[in-house]
Amino acid sequence: MAVPWEEYFRLALQEKLPASSRKIPEQSVDHFPPVLRLLEKRQELVDADRGLQAQKEVFQTTRAALKERWEQLEQKEQELQGSFVRFDKFLKDTEARRSRALRRAAQERLRADRREAEARRLRAQFEELQRERARLRCRLERLEPCARLLGRVREQLPEFQEVPELVARFDGLVDMQAALRLTERQRLAELEEARARLQRLRDAGQGELLGQGQRRAQLLQRLEAARERTLRWESKWIQIQNTGAEKTLLLGRTRIAALNLFQLVCRHKMHPPALDIEDTEGQLEQVRSLLTCPPTPRFRTSQGLKSPGSV
């Protein structure tokens with residue numbers, strides 16, 4: 001770290017002055033006059049100044065050397081930083097080249113595998129085509145007599161210009177025959193199904209006729225039984241009506257008798273009839289209460305015979 005010049009000189013002066021001040025007491029004051037002491041002090045100051053100047057020059061030289069050394073170090077540091085940057089870039093470039101090389105190698109392996117698979121597929125396809133060629137050759141040899149026969153047929157049928165026309169016509173006829181046979185089988189199947197359905201309907205109709213006959217007989221039996229029950233209930237109803245009429249007549253007589261009894265008891269007990277003539281039960285209850293209560297004493301007044309409770 002750099003030290004200020006004033007501080008440096010002050011420290012150097014402090015190092016010089018104590019040594020001379022220690023020498024002065026050793027000498028006797030009586031032996032040196034004040035002028036000599038002043039000259040001696042001045043000489044010491046000059047010597048101290050020279051020493052400080054020399055130290056200053058040494059310090060400046062050292063400082064210049066240190067500054068140069070520091071600049072060199074900074075330059076070297078910059079060079080090292082540049083080297084580090086270049087080395088880092090070199091490593092990154094190397095890694096990138098390595099990654100690209102690995103990707104290219106992987107792509108090359110993948111393309112090689114694809115080409116190998118394509119080659120195997122093509123070889124298998126070639127072998128299949130060879131087998132198909134051999135099969136077609138055998139078929140051609142087998143169909144050669146048919147081709148000659150078709151040629152002779154075409155010569156006999158001038159309306160067909162080429163063999164494919166004749167073959168197409170034959171294929172159309174074969175397809176039509178197959179369609180007609182299929183239609184015939186379908187119609188026969190439908191006919192059989194219709195016959196089976198008709199037989200089932202006949203069987204079902206006969207069974208239903210038998211069931212209807214049985215149900216008719218049952219209904220006739222139930223009708224006769226219902227008629228008998230109707231006659232029996234009609235006779236019972238007539239009997240009930242007759243009995244009801246008798247009971248109604250008896251009830252009317254009973255109500256009339258109860259009303260007469262109620263009126264007779266009320267006149268006998270000197271009690272005014274306060275109930276409705278249709279309230280037979282109330283009348284009988286009133287009669288029972290009047291008959292069970294003790295007789296009321298009577299006394300004669302100027303207005304006539306009255307009971308004590310009358311007003």
Side-chain angles (χ1 to χ4, degrees), residues 1-140:
M1 184 176 60
V3 181
W5 289 102
E6 292 82 3
E7 184 68 21
Y8 177 76
F9 290 142
R10 187 176 61 80
L11 293 175
L13 184 59
Q14 287 179 359
E15 291 177 358
K16 292 290 183 179
L17 288 178
S20 61
S21 63
R22 283 195 299 269
K23 291 179 182 180
I24 294 172
E26 294 177 359
Q27 298 178 2
S28 177
V29 180
D30 298 334
H31 293 84
F32 296 98
V35 177
L36 293 176
R37 286 199 304 269
L38 182 59
L39 292 175
E40 186 178 1
K41 291 292 184 182
R42 185 176 293 176
Q43 186 65 34
E44 289 176 359
L45 289 175
V46 171
D47 294 338
D49 190 17
R50 289 176 182 175
L52 290 175
Q53 188 67 29
Q55 289 182 1
K56 181 179 179 181
E57 292 176 358
V58 173
F59 178 75
Q60 289 180 352
T61 305
T62 305
R63 183 183 179 189
L66 290 174
K67 184 177 181 181
E68 184 179 359
R69 180 63 177 168
W70 183 258
E71 292 177 355
Q72 293 176 358
L73 290 176
E74 289 182 351
Q75 185 177 1
K76 287 183 179 180
E77 183 179 2
Q78 292 178 359
E79 292 177 356
L80 287 174
Q81 289 180 356
S83 300
F84 287 152
V85 171
R86 289 192 297 274
F87 184 70
D88 189 13
K89 183 178 180 181
F90 173 73
L91 290 177
K92 290 181 179 178
D93 294 341
T94 304
E95 184 66 25
R97 287 195 296 271
R98 180 172 176 273
S99 300
R100 288 196 296 270
L102 291 175
R103 286 197 298 270
R104 284 197 297 271
Q107 292 175 0
E108 289 295 333
R109 285 195 298 271
L110 182 61
R111 284 196 292 270
D113 294 338
R114 290 178 179 175
R115 284 194 292 270
E116 183 66 23
E118 184 68 18
R120 288 195 298 270
R121 188 183 66 80
L122 292 175
R123 283 196 294 270
Q125 187 176 3
F126 179 71
E127 293 175 357
E128 181 66 24
L129 291 174
Q130 285 183 343
R131 288 192 294 270
E132 183 68 17
R133 180 183 178 186
R135 187 179 63 80
L136 291 175
R137 183 177 295 173
C138 295
R139 185 179 179 184
L140 180 62

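The first residue of the sequence shown is numbered 1, and numbering continues consecutively from there.
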Pairwise distance CZ(F126) to CZ(R123) - rounded to 0.5 angstrom
11.5 Å

Pairwise distance CD(Q55) to OG1(T62) - rounded to 0.5 angstrom:
10.5 Å

dist R63:CZ -> Q60:CD (nearest 0.5 Å) comes out at 8.0 Å

What I'd like to find out is whether the side chain of L129 reaches to under 4.5 Å of the side chain of R133, using heavy atoms alone.
no

Closer than 4.0 angstrom, basic N to acidic O: yes or no for K92 and E95?
no

So does E108 pair up with R111, basic N to acidic O under 4.0 Å?
yes

Neighbour count >12 (heavy atoms, 6.0 Å) for atom CZ, R131:
yes

Are E116 and R120 close enough for a salt bridge, meaning some N to O gap below 4.0 Å?
yes

Flag yes if more than 12 heavy atoms outside R98 fall under 6.0 Å of its CZ atom; otherwise flag no.
no

Which heavy atom in K76 sits nearest to a heavy atom in R69, and how many Å separate them?
NZ-NH1, 4.1 Å

Find out whether R97 and T94 are in side-chain contact, i.e. whether some heavy atom of one side chain is under 4.5 Å from a heavy atom of the other.
yes

Rounded distance (nearest 0.5 Å) linking atom CZ of F87 with atom CZ of F84:
9.5 Å

Might you work through the salt bridge (charged side-chain N to carboxylate O under 4.0 Å, His left out) test for R115 and E118, ending with a clear yes or no?
CA-CA 5 Å; R115 284 194 292 270; E118 184 68 18; over 6 Å; no

Inter-residue atom distance L122.CG - Q125.CD, 0.5 Å rounding
6.0 Å

What's the spacing between R114 CZ and R121 CZ if we round to 0.5 Å?
13.5 Å

